[in-house]
Amino acid sequence: MTDKETNPPRMADLTIHERFNYPDADVAILSCDQVLFKIHSRNLSVCSAAFPQGDHHWSEGEPAVWEEPSHVLEILFAYIYSDQAHPFLSDLSLTQVIEIGAAAHKWMIPGAIAICQTRIIILKEQVAKSPPEENTILPAFAYAVKHHGMDTGMTALIDQVGMWTVGCTAKSAMQYLGSGRVYNAWADHRAWWSDAVALWA
């Protein structure tokens, strides 16, 4: 058992997010970097399929601990309120947008999903101009593979980014793709591409 589990943070000791601190909030969500968000369950129910109205019970007096950091949650929660500006994410890198997109899919927030997919498709043009680093390209590829059925633009991203993953190590690829069917398909593609390059060498 960890120290965090045996000694959970006290509400009084937490940093409360400046914008998401509604006085009449009935839900408290704690980010992984110990920032508390006080929001409304009705907004989550309306804007997220992950929290159907009446089917989710929040612990009274205790925050729900989410694994996302505060900089991700503040963007997600902006999309569940009409009085909050909805971020365009135009100043974020591909890796940062993918991080937010993954959380948006996890918590089923359509508004955030849509803007992330739009930004990823735009940013893929930058990827095409120069090979990115492994820590950028593999998250992009994994995100596109996982969510391509929900947006045809993700298929284009797979085609655009997939060619660069051939140079990634198997260890790095497994970290992002897992060890199942997707990784095996990637490994077969990588082997085929390596053989093709060898023939032209």
Side-chain angles (χ1 to χ4, degrees), residues 2 4 31-35 48-50 65-79 87-201:
T2 65
K4 185 180 291 187
S31 66
C32 67
D33 53 348
Q34 303 295 292
V35 176
S48 169
V65 181
W66 287 16
E67 63 183 12
E68 291 80 14
S70 57
H71 68 268
V72 170
L73 294 185
E74 68 181 7
I75 291 176
L76 293 190
F77 294 151
Y79 281 92
F88 289 114
L89 313 184
S90 55
D91 58 341
L92 300 185
S93 68
L94 179 60
T95 303
Q96 291 171 318
V97 175
I98 287 169
E99 180 185 22
I100 295 164
H105 277 282
K106 173 183 175 182
W107 298 112
M108 302 182 188
I109 301 177
I113 291 172
I115 190 62
C116 286
Q117 291 185 337
T118 299
R119 288 299 304 161
I120 288 170
I121 292 168
I122 293 172
L123 288 168
K124 79 179 179 62
E125 301 302 330
Q126 299 176 13
V127 172
K129 295 177 182 178
S130 60
E133 300 294 327
E134 279 191 3
N135 63 357
T136 295
I137 190 168
L138 283 170
F141 183 70
Y143 179 88
V145 168
K146 184 174 182 180
H147 302 298
H148 77 279
M150 302 181 70
D151 191 304
T152 55
M154 295 298 101
T155 300
L157 180 62
I158 292 172
D159 294 338
Q160 192 77 66
V161 175
M163 59 184 288
W164 297 119
T165 66
V166 174
C168 298
T169 65
K171 181 179 180 181
S172 295
M174 188 172 290
Q175 177 184 349
Y176 292 100
L177 302 178
S179 58
R181 179 174 55 85
V182 173
Y183 173 81
N184 291 336
W186 173 84
D188 290 342
H189 171 74
R190 180 171 180 258
W192 177 89
W193 188 261
S194 297
D195 290 343
V197 170
L199 289 174
W200 286 96

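Residues take their numbers from the sequence shown, with the count starting at 1. It should be emphasised that the depicted structure is a prediction, and the values quoted were computed from it without experimental measurement.
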Nearest atoms (heavy-atom pairs only) where [X] meets [Y]:
| X | Y | result |
| --- | --- | --- |
| Leu89 | Arg119 | O-NE, 3.4 Å |
| Ala103 | Leu76 | CB-CD1, 3.8 Å |
| Tyr183 | Ala170 | OH-CB, 3.3 Å |
| Thr169 | Arg190 | CA-NH2, 4.3 Å |
| Gln96 | Ser93 | OE1-N, 2.8 Å |
| Ile115 | Pro87 | CG1-O, 3.8 Å |

Working to the nearest 0.5 angstrom, can you tell me the gap between [X] [atom1] and [Y] [atom2]?
| X | Y | atom1 | atom2 | result |
| --- | --- | --- | --- | --- |
| Tyr143 | Cys116 | OH | SG | 5.5 Å |
| Ser31 | Glu67 | OG | CD | 12.0 Å |
| Tyr176 | Trp186 | OH | CH2 | 13.0 Å |
| Phe77 | Ser48 | CZ | OG | 9.5 Å |
| Ile100 | Ile109 | CD1 | CD1 | 11.5 Å |

Would you mind listing every salt bridge (Lys or Arg N to Asp or Glu O under 4.0 Å) that reaches into residues 161-173, with sequence neighbours excluded?
none
Salt bridge (Lys or Arg N to Asp or Glu O under 4.0 Å) contacts touching residues 92-104 (sequence neighbours left out)
none
Glu68: what forms a salt bridge (Lys or Arg N to Asp or Glu O under 4.0 Å) with it, not counting sequence neighbours?
Lys106
Who are the side chain to side chain donor-acceptor pair (under 3.5 Å) partners of [X], not counting sequence neighbours?
| X | answer |
| --- | --- |
| Ser70 | Asp33 |
| Trp66 | none |
| His189 | none |

Between Thr118 (side chain) and Ala114 (backbone), is there a donor-acceptor pair under 3.5 Å?
yes
Does the side-chain contact (heavy atoms from CB on, under 4.5 Å) test come out yes or no for Phe141 and Leu177, once each step is laid out?
CA-CA 9 Å; Phe141 183 70; Leu177 302 178; 4.0 Å; yes
